[in-house]
Amino acid sequence: MQTPTYAHTYLAAAGLRLPTNWLDYTILAIYFVVVLGIGLAARRSVKTSLDFFLSGRSLPAWITGLAFISANLAATEILGMAANSAQYGAYTVHWYWIGAIPAMVFLGLVMMPFYYGSKVRSVPEFLLLRFDKAAHLLSSILFAFAAILIAGVNLYALAIVVEALLGWPQWVAIVVAGAFVLAYITLGGLSSAIYNEVLQFFVILAALIPITILGLRKVGGWGGLTHKLAETHGHDFTTAWGGTGIGSSNPLGANWLTIVLGLGFVLSFGYWTTNFAEVQRALSAKNLSAGQRTPLIAAYPKIFIVFLVMIPGLVAAALVPGIGTSGSGLQYNDAIPYLMQELLPNGVLGIAVTGLLAAFMAGMAANVSSFNTVFTNDIWAKYVVRGREDAYYVRFGRWITVIGVCASVGTAFLASSFSNIMAYLQTLFSFFNVPMFVVFIIGMFWKRASAKSGFWGLLAGTVTAMVNYFVLYKKGIISIPSDQGANFVSAIAGFVAGAVVMVLVSLFTEPKPAQELQGLVYGTRSPGMSEPPAPGDDAWYRRPALLGWGAVVLAAACYIPFSF
């Protein structure tokens with residue numbers, strides 16, 4: 001994979017400058033005014049720390065469901081997945097139908113009762129209840145660090161678009177966007193972020209749909225696109241499973257086994273079930289039923305959004321066959337900006353720029369709001385300043401948000417060393433989300449998992465994934481064709497190492513008392529629950545309506561990729 005220099009990035013951006021006019025700037029200004037207005041309106045509802053960090057657990061499922069998908073519909077989706085498609089082709093569909101939908105259904109049906117029922121404010125707090133303080137503190141630090149790194153990705157992606165299309169210097173774009181995100185989160189807390197994410201969801205669609213339609217028209221429709229790419233990149237470039245047999249070669253550099261296990265199980269379940277930037281939206285729902293329906297509602301648009309980000313990347317690969325190489329002057333990350341330059345007239349361009357800015361700010365806001373929750377509740381309030389009044393932690397949450405945004409500005413430049421920011425994000429997920437997932441899944445389904453096993457499993461999984469990527473892969477000790485393939489292998493290695501260490505440590509240490517595991521291990525009841533189960537407290541498999549939601553989503557997600 002090519003590693004661009006800052007000069008290369010600047011030249012690419014300079015070549016993508018667009019003739020924006022007053023209409024485009026007016027649309028952009030209106031959007032920013034509305035965003036700040038939502039933040040001011042949400043401020044009136046923030047009276048306690050629960051209001052600031054979890055919206056008082058009062059939001060309906062359709063709001064939290066749209067916010068759930070919008071929080072993910074950021075740099076990962078827009079520039080990242082378009083870059084992925086330009087580099088690897090139609091294999092991008094696996095990040096959606098294999099690498100998202102099953103995990104989203106699992107989160108709604110199986111894991112949300114544990115999160116919501118235990119009344120935790122964050123994912124690390126659940127580990128404190130199930131394991132011990134060591135596992136809790138380590139997971140809190142790792143998550144806070146990862147949230148800042150991922151927020152930086154969104155800032156860098158935003159800077160690419162703004163510098164390329166509006167002519168603003170990169171540092172100006174980063175500072176302005178960071179200031180707006182900081183303003184509406186510190187004003188209204190999570191409620192402000194969530195309501196803005198609902199607005200941003202529709203603005204993002206308004207930006208992507210014209211690019212997709214006009215891009216297909218430019219290359220002669222789907223038939224013209226596949227024909228041109230087959231000539232320049234080979235037939236497998238436009239298929240979902242072509243060339244993925246074990247021992248076969250393909251643009252992605254991964255076979256069906258690493259796709260299914262590495263992406264479909266380990267990376268996917270690790271991200272969707274333990275990434276607090278997503279789980280936080282479901283935890284803000286008004287009751288358990290709404291919390292469970294949140295990821296299921298989000299899964300429906302997730303099935304089809306892949307076309308809005310994959311097709312532009314394929315079109316860019318068809319129009320610029322050498323994209324991503326030094327000869328073309330364009331990185332893979334430039335696929336969407338390039339099509340905006342080539343295809344969109346003024347007015348529509350303003351909507352597209354606004355949609356992209358909305359996407360990046362949604363992603364950054366999701367990670368910053370989860371960062372301030374974890375840092376305040378799981379690090380500061382638990383280990384630094386304990387027992388203070390509730391208002392103190394609300395004030396501290398606002399101050400740590402400022403620090404988080406400033407730190408994100410610094411990490412934005414780390415992302416600039418990757419020609420494909422999706423590869424960078426997947427690397428982060430394999431380091432931070434996968435080890436946390438293995439600790440969760442074993443702790444939830446195995447009563448014998450001891451309190452000490454959580455810390456050592458998390459540490460072993462994180463270290464193993466990093467060693468596999470930075471030592472074995474980067475130093476050429478093992479041969480893997482691509483960074484994405486290496487990410488899949490790192491995820492599998494981290495999962496296996498974490499699981500093995502947890503089992504070994506559990507066999508030599510004492511398990512937690514059974515009474516402390518009530519409501520935290522599958523098959524146990526939360527303390528104080530009535531017998532028989534109260535209405536609405538039945539397991540998911542006894543609830544036909546909820547099961548129906550999940551079955552329909554899974555059926556669509558399983559059918560589409562095999563017919564593509």
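This structure is a prediction, so every number in the text was calculated from the model and none was measured.
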**Message:** Would you call the rings of Phe445 and Phe106 parallel, tilted or perpendicular, taking 30° and 60° as the class edges?
**Reply:** tilted

**Request:** Can you label the angle between the Phe265 ring and the Phe495 ring as parallel, tilted or perpendicular, going by 30° and 60°?
**Result:** perpendicular

**Request:** For Asn84 and Tyr332, test the side chains for any donor-to-acceptor distance below 3.5 angstrom and give the result as yes or no.
**Result:**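 Looking only at side-chain atoms, Tyr332 and Asn84 do not form any donor-acceptor pair under 3.5 Å.
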
**Item:** Polar contact flag, side-chain donor to acceptor under 3.5 angstrom, Ser430-Asn487
**Value:**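 Per modelled atom types, Ser430 and Asn487 side chains form no pair under 3.5 Å.
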
**Request:** Not counting sequence neighbours, which residues clear salt bridge (Lys or Arg N to Asp or Glu O under 4.0 Å) with Lys512? List them please.
**Result:**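 Expected list: Glu516.
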
**Fill in**
Taken in chain and number order and not counting sequence neighbours, the residues that satisfy salt bridge (Lys or Arg N to Asp or Glu O under 4.0 Å) with Lys452 are none

**Message:** According to side-chain contact (heavy atoms from CB on, under 4.5 Å), who are the partners of Ser268, at least two apart in sequence or on a separate chain?
**Reply:**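 Scan of Ser268 (side-chain contact (heavy atoms from CB on, under 4.5 Å), adjacent residues dropped) gives Ala103, Trp272.
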
**Asked** Among all residues two or more places apart in sequence or in another chain, which pass the side-chain contact (heavy atoms from CB on, under 4.5 Å) test with Leu149?
**Response**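 Partners of Leu149 by the side-chain contact (heavy atoms from CB on, under 4.5 Å) criterion, ordered by chain and then number, come out as Phe145, Thr411, Leu414, Tyr424, Leu428, Phe432.
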
**Prompt:** Are Phe237 and Tyr91 close enough that their ring centers fall under 6.0 Å?
**Reply:**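 Distance test on ring centres: not under 6.0 Å, no.
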
**Message:** Tell me every residue that passes ring pair (Phe, Tyr, Trp, His ring centres under 6.0 Å) with Phe375, counting only those two or more places apart in sequence or in another chain.
**Reply:** Phe371

With sequence neighbours excluded, tell me which residues meet side chain to side chain donor-acceptor pair (under 3.5 Å) with [X].
X	result
Ser490	Asn468
Thr92	Ser85
Ser506	Ser453
Ser450	Thr509

**Prompt:** Does Asp132 use its side chain to pair, donor to acceptor, with the backbone of Ala135 at less than 3.5 Å?
**Reply:** yes

**Asked** Is the shortest heavy-atom distance from the side chain of Val306 to the side chain of Met81 under 4.5 Å?
**Response** no

**Request:** Would you mind reporting whether Leu296 and Gln292 have side-chain heavy atoms less than 4.5 Å apart?
**Result:** no

**Message:** By the ring-ring contact (aromatic ring centres under 6.0 Å, His included) test, which pairs, at least two apart or in different chains, include something from residues 244-264?
**Reply:**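 ring-ring contact (aromatic ring centres under 6.0 Å, His included) check on residues 244-264 returns no pairs.
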
For residues 454-467, which side-chain N or O atoms pair as donor and acceptor with protein atoms under 3.5 Å away, sequence neighbours left out?
unit_1, atom_1, unit_2, atom_2, d
Thr462, OG1, Leu458, O, 2.9
Thr464, OG1, Ala460, O, 2.7

**Prompt:** Which residue pairs satisfy the salt bridge (Lys or Arg N to Asp or Glu O under 4.0 Å) criterion with at least one member in residues 299-311, sequence neighbours excluded?
**Reply:** Glu77-Lys302

